[in-house]
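My questions will all concern the structure given below.
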Amino acid sequence: MNEKQRLDSSQVTPSDKKSEKDYSKYFQAVYMPPSLKDAKKRGKEEVKYQNDFKISEEFRGLGNGKKFLIRTYGCQMNEHDTEVMAGIFTALGYVATATAEDADVILLNTCAIRENAENKVFGEIGHLKALKRERPGLLIGVCGCMSQEESVVNRIMKKHQHVDMIFGTHNIHRLPNILSDAYMSKEMVIEVWSKEGDVIENLPRERKGKIKAWVNIMFGCDKFCTYCIVPYTRGKERSRRPEEIIHEVRQLAASGYKEITLLGQNVNAYGKDFEDMEYGLGDLMDEIRKIDVARVRFTTSHPRDFDDYLIEVLAKGGNLLDHIHLPVQSGSSEVLKLMARKYDREKYMTLVKKIKEAIPTASLTTDIIVGFPNETDEQFEETLSMYREVEFDSAYTFIYSPREGTPAAKMQDNVPMEVKKARLQKLNKLVNEISAKKMMEYEGQVVEVLVEGESKNNPEVLAGYTSKSKLVNFRGPKSAIGEIVKVKITKAKTWSLDGEMAEEALEVN
Ligand code: SAH
Ligand code: SF4
Ligand code: F3S
């Protein structure tokens, strides 16, 4: 089925939503659900670069006098997609609201990474039912990674009839059409393409702040780690052209942004899909380094594609920050093999060594999964010993969560949940211990802080982040907000540092 057909079929909505019985048959006829099997066979489907996004005349003013609210779950990728959707809403005439009671359209931009992420969303969908009953004119939409899952779409169709729209991660640019259809139709509008995804440029964006900005450099993931749903929900790896990225970063720099985070599920695979040139993340970073913006980060790195040239470029420093998030997932080579991470403990350690040699100030953070199917006590201990050896600054730690359709979900698992929980606790204890030790090292040091605003707990105090993403609270003039200032650290806490300003902000607005 080609894209056009899929689109046409998915836009047809059933007229008899209430009859639960022949439900699935009926939907199969009119709606092609996302297929995990298809997603795994990465085809030769050509990636289309579309550069002509426009709000078509027929949709102009669609949102006049109306308000929208987007609730975002999941990673930075989703946060940034929310900014794009907010941009489209704004271009259609809607204004943003922070309260559900006020909103004319509510979107849930969902995450499918673990079961508890999905449960949260289903809880929220349930809560919204009362609101929809009170105000039938309210539109409720589900988008993001969960809507790319067949089982989720089926569950919403069967059990949550108050949802008006479901659309996938490849369909964000179609938001004007989807909204317009939802206003006209009494039925649920479903538009999910299980195709591998295109690259759409020119999308409007309503960025959340004026200091830090996200820039997509690539979409999708082809790594197929055995536990992970992302390659199915986000399509195949496809890179934006360097000139588009550089143009966007330049524009952000010119409009005063101080920190750029380059985004991708596996940024180290950047450029591997270009057929017309050899160009990778190292090349891109080497160009972005020359742009007049104070800080540049990137996330997320996959250890497998982290090449020497990238390390060489990062070692040049300047605006390229010395903090690298490098998910390891496990310290056991056997578990890494079952996870299909395509590196072992030794290779990861060699990479860490290379990075530390080239960038002696580098700090590393990581992601770890405990309780992967059949993980033994010894294998778990290897994760602990590796954590000690690398001395990560901090880590996101998770209990393995089976995701339908992934290879790991089919593995027999003999590790009881209590054991998994105990392992997580033990790991977290070590993570906290090493973080606390690393934070202590800051006492008495002067660090550069990008000031983001007033502290949440005390408006008298300013808050910002160091180049290594440590939260710093200190007293200083409001004019320092949006600037990078030097702060002397007076006290280290578990998750933040207290300090005092070592000098006035260099530039005062
Ligand atoms: N692209 C990134 C990770 C994105 S998901 C990378 O490859 O590093 C963020 C983190 O969620 C992963 O690093 C992993 O630690 C965790 N994760 C992914 N799938 C999971 C699952 N099924 N159960 C538990 N944690 C999972
Ligand atoms: Fe998931 Fe692995 Fe891709 Fe990361 S690299 S998004 S963990 S499949
Ligand atoms: Fe979640 Fe999708 Fe991101 S599954 S972690 S929102 S890519």
Side-chain angles (χ1 to χ4, degrees), residues 34 36 39-40 42 71-82 108-118 120-121 142-149 152 168-170 172 197 214 216-237 263-270 272 298-306 324-331 335-336 338-343 348 364-373 375 383 392 395-411 413 415 417 420 423-424 427 431:
L36 299 186
K40 269 184 79 176
R42 287 286 192 251
R71 293 230 160 97
T72 315
Y73 304 79
C75 64
Q76 293 101 324
M77 203 78 68
N78 257 18
E79 296 272 357
H80 189 43
D81 285 350
T82 289
L108 304 181
N109 190 7
T110 63
C111 170
I113 201 82
R114 282 168 292 273
E115 198 186 348
N116 57 3
E118 295 202 350
K120 258 193 243 162
V121 170
V142 177
C143 57
C145 286
M146 276 170 71
S147 46
Q148 293 288 143
E149 288 182 288
V152 169
T169 54
H170 305 320
I172 286 175
W214 286 304
N216 288 124
I217 64 167
M218 59 182 300
F219 306 95
C221 181
D222 285 349
K223 288 291 167 289
F224 290 102
C225 301
T226 53
Y227 51 81
C228 186
I229 194 78
V230 172
Y232 314 94
T233 64
R234 291 274 172 180
K236 77 170 169 186
E237 286 177 357
L263 286 183
Q265 279 303 342
N266 170 18
V267 287
N268 305 81
Y270 176 76
K272 285 189 193 291
F298 56 96
T299 199
T300 303
S301 278
H302 190 294
R304 185 177 166 217
D305 296 318
F306 209 114
I324 298 166
H325 187 63
L326 194 62
V328 65
Q329 314 300 358
S330 168
V335 174
L336 287 169
L338 290 173
M339 289 177 164
R341 288 290 286 182
K342 313 241 167 55
Y343 56 84
Y348 187 91
L364 295 173
T365 52
T366 199
D367 292 349
I368 294 172
I369 297 176
V370 300
F372 190 77
E375 181 191 57
T383 298
F392 291 103
Y396 294 106
T397 57
F398 311 101
I399 290 179
Y400 164 71
S401 170
R403 306 283 62 215
E404 194 185 323
T406 61
K410 294 185 198 84
M411 296 177 188
D413 186 3
V415 189
M417 188 43 93
K420 295 183 194 238
R423 284 183 190 160
L424 184 71
L427 173 62
V431 169

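Values in this document were obtained by computation on a predicted structure and should not be read as measured data. Counting convention: from 1, in listed order, for ligands and their atoms alike.
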Enumerated ligand 1 atoms positioned under 4.0 Å from heavy atoms of Thr300: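 Numbered from 1, ligand 1 contributes 2 (C), 6 (C), 8 (O).
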I'd like to check which ligand 2 atoms, numbered from 1 as shown, lie under 4.0 Å from a non-hydrogen atom of His302.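 Listed by number with element, the hits are 5 (S).
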Legend entry - Region of Asn266 that comes within reach of ligand 2 [heavy atoms, distance under 4.0 Å]: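 None of Asn266 does.
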### Message
Does only the side chain of Pro327 get under 4.0 Å from ligand 2, or the backbone, or both, or neither? Count heavy atoms.
### Response
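The answer is neither.
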(message) Suppose I only count heavy atoms of Ser401 and a 4.0 Å limit; which atoms of ligand 1 are within that range?
(response)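 With Ser401 as reference, the close atoms of ligand 1 come out as 21 (C), 22 (N), 23 (N), 24 (C).
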- Query: Ile399: heavy atom below 4.0 Å from ligand 1, yes or no?
  - Reply: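 So Ile399 counts as touching ligand 1.
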Find all atoms of ligand 2 within a distance of less than 4.0 Å from any non-hydrogen atom belonging to Phe224, and give their numbers and elements.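 So the atoms of ligand 2 that pass are 8 (S).
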Below 30° counts as parallel, above 60° as perpendicular, anything between as tilted: where do the rings of His325 and Tyr396 land?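 His325 and Tyr396: perpendicular rings.
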- Does Ile369 have a heavy atom less than 4.0 Å from any atom of ligand 1?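 Yes.
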What atoms of ligand 1 come within less than 4.0 Å of a heavy atom belonging to Gln329?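 Near Gln329, meaning under 4.0 Å from one of its heavy atoms, ligand 1 has 8 (O), 12 (C), 13 (O), 14 (C), 15 (O).
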For the residue pair Tyr227 and Phe372, does the interplanar ring angle fall in the parallel (under 30°), tilted (30 to 60°) or perpendicular (over 60°) class?
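Correct class here is perpendicular.
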Cys111 near atom 1 (Fe) of ligand 3: N/O/S under 2.8 Å |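 Checking atom 1 (Fe) of ligand 3 against Cys111, an N, O or S atom does fall under 2.8 Å.
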Quiz prompt | atom 7 (O) of ligand 1 [closest protein heavy-atom partner, distance rounded to 0.1 Å] | solution =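 For this ligand atom, the closest protein heavy atom is Arg341 NH1, 3.3 Å.
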Considering the heavy atoms of Cys221, write down every atom of ligand 2 situated less than 4.0 Å from one of them.
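Counting from 1, the qualifying ligand atoms are 3 (Fe), 5 (S), 6 (S), 8 (S).
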Close approach, Asn266 and ligand 1, non-hydrogen under 4.0 angstrom: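 No.
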(request) Using a strict 4.0 Å cut-off to heavy atoms of Lys223, name the atoms of ligand 2 that fall inside it. (result)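 Numbered from 1, ligand 2 contributes 3 (Fe), 5 (S).
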- Query: Going by the atom numbers of ligand 1, which of them fall below 4.0 Å from some non-hydrogen atom of Arg114?
  - Reply: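 Going through ligand 1 atom by atom, the ones under 4.0 Å from Arg114 are 11 (O), 16 (C), 17 (N), 23 (N), 24 (C), 25 (N), 26 (C).
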Margin query: Would you say NZ of Lys223 has more than 12 non-hydrogen atoms from neighbouring residues, nucleotides or ligands within 6.0 angstrom?
Written below: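 Yes, the 6.0 Å shell around NZ holds more than 12 heavy atoms from other groups.
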Grab the two heavy atoms, one from Pro327 and one from Thr300, that are nearest each other, plus how far apart they are.
->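 In terms of heavy atoms, the two residues are closest at CG-CG2, 3.4 Å.
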Numbered atoms and elements of ligand 3 in range of Gln265, under 4.0 angstrom, heavy atoms: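 Counting atoms of ligand 3 from 1, those under 4.0 Å from Gln265 are 3 (Fe), 7 (S).
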In this structure, does ligand 2 have an atom that sits under 4.0 Å from one of the heavy atoms of Arg341?
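For ligand 2, residue contact (heavy atoms, under 4.0 Å) with Arg341 is present.
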Practice item. Would you mind listing which atoms of ligand 1 come within a distance below 4.0 Å of any non-hydrogen atom of Arg403? Key: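 With Arg403 as reference, the close atoms of ligand 1 come out as 22 (N).
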Calculate, to the nearest 0.5 Å, the distance between atoms OH and CE belonging to Tyr400 and Met417 respectively.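 Between Tyr400 OH and Met417 CE, I get 10.5 Å after rounding to 0.5 Å.
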Relative to the heavy atoms of Pro231, which atoms of ligand 2 are at a distance of less than 4.0 Å?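 Near Pro231, the atoms of ligand 2 are 8 (S).
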In ligand 3, which numbered atoms sit nearer than 4.0 Å to a non-hydrogen atom of Cys75?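 Selected atoms, number and element: 3 (Fe), 5 (S), 6 (S), 7 (S).
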Mark yes or no for whether Arg403, through its side chain, and Ala112, through its backbone, hold a donor-acceptor pair below 3.5 Å.
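Side chain of Arg403 to backbone of Ala112: a pair is present.
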Any heavy atom of Met146 sitting closer than 4.0 Å to ligand 3?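 It does not; every heavy atom stays at 4.0 Å or beyond.
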* CG-CZ distance between Asp81 and Arg234, expressed to the nearest 0.5 angstrom ->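 Reported value, rounded in 0.5 Å steps: 5.0 Å.
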* Asked: If you measure from CG on Asn216 to CD on Gln76, what distance do you get to the nearest 0.5 Å?
  ->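 That separation rounds to 11.0 Å.
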For Gln265, atoms of ligand 2 separated by under 4.0 Å from a heavy atom: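 Per the distance check, 6 (S).
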What are the atoms of ligand 3, with element, lying closer than 4.0 Å to any heavy atom of Asn78?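 The atoms of ligand 3 under 4.0 Å from a heavy atom of Asn78 are 6 (S).
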- Message: I need the nearest protein heavy-atom contact for atom 2 (Fe) of ligand 3: residue, atom name and distance, please.
- Response: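 In this structure, atom 2 (Fe) of ligand 3 has Cys145 SG, 2.2 Å as its nearest protein heavy atom.
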Tell me which part of Cys225 gets within contact of ligand 2: side chain, backbone, both or neither, using heavy atoms under 4.0 Å.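 Both the backbone and the side chain of Cys225 come within reach of ligand 2.
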Query raised in the report: At a 4.0 Å cut-off, with the gap strictly under it, does some heavy atom of His325 reach an atom of ligand 1?
Result: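 It does not, in that no heavy atom of His325 comes within the 4.0 Å cut-off of ligand 1.
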Next item on the list: State the CD-OG distance between Glu118 and Ser401, to the nearest 0.5 angstrom.
Entry: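 Reported value, rounded in 0.5 Å steps: 8.0 Å.
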Nearest to atom 1 (N) of ligand 1, what protein heavy atom do you find, and at what distance?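 Its nearest protein heavy-atom neighbour is Gln265 O, 2.5 Å.
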Only heavy atoms of Cys228, strictly under 4.0 Å: list the atoms of ligand 2 that pass.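 Reading through ligand 2 atom by atom, the close ones are 1 (Fe), 6 (S), 7 (S), 8 (S).
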key: Protein heavy atom at shortest distance from atom 19 (N) of ligand 1   =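 Here the closest protein heavy atom is Tyr227 CD1, 3.3 Å.
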Ring-plane angle category for His302 and Tyr343, please: parallel below 30°, perpendicular beyond 60°, tilted otherwise.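 If you compare the ring of His302 with that of Tyr343, the planes turn out perpendicular.
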query: Between Thr72 and Asn109, does any side-chain donor sit less than 3.5 Å from a side-chain acceptor?
result: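 Thr72 vs Asn109: no donor-acceptor pair found between side chains.
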| request: Could you tell me if any non-hydrogen atom of Arg234 lies under 4.0 Å from any atom of ligand 3? | output: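 Judged by the 4.0 Å heavy-atom criterion, Arg234 does count as contacting ligand 3.
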Should you measure from each heavy atom of Pro327, which atoms of ligand 1 turn up under 4.0 Å away?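 Within the 4.0 Å cut-off of Pro327, ligand 1 contributes 8 (O).
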ask   = What's the shortest distance from atom 5 (S) of ligand 1 to any protein heavy atom, and which residue and atom give it?
value =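 Nearest neighbour among protein heavy atoms for atom 5 (S) of ligand 1, to 0.1 Å: Ile113 CD1, 3.5 Å.
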- [ ] Show which atoms of ligand 1 fall inside a sub-4.0 Å distance from at least one heavy-atom site of Tyr400.
- [x]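 So the answer, numbered in order with elements, is 23 (N), 24 (C).
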Can you tell me if Gly144 has a non-hydrogen atom under 4.0 Å from ligand 3?
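The answer is no, since Gly144 has no heavy atom less than 4.0 Å from ligand 3.
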Legend entry - Closest contact, heavy atoms only, Met411 versus Pro373: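 Result for this residue pair: CB-CB, 4.0 Å.
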Any atoms of ligand 1 less than 4.0 Å from a non-hydrogen atom of Asp367? List them with their elements.
->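 The atoms of ligand 1 under 4.0 Å from a heavy atom of Asp367 are 9 (C), 10 (C), 12 (C), 13 (O), 15 (O).
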Worksheet item: How does Tyr227 reach ligand 2, if at all, at less than 4.0 Å between non-hydrogen atoms: by side chain, backbone, both, or neither?
Response: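 The side chain, only.
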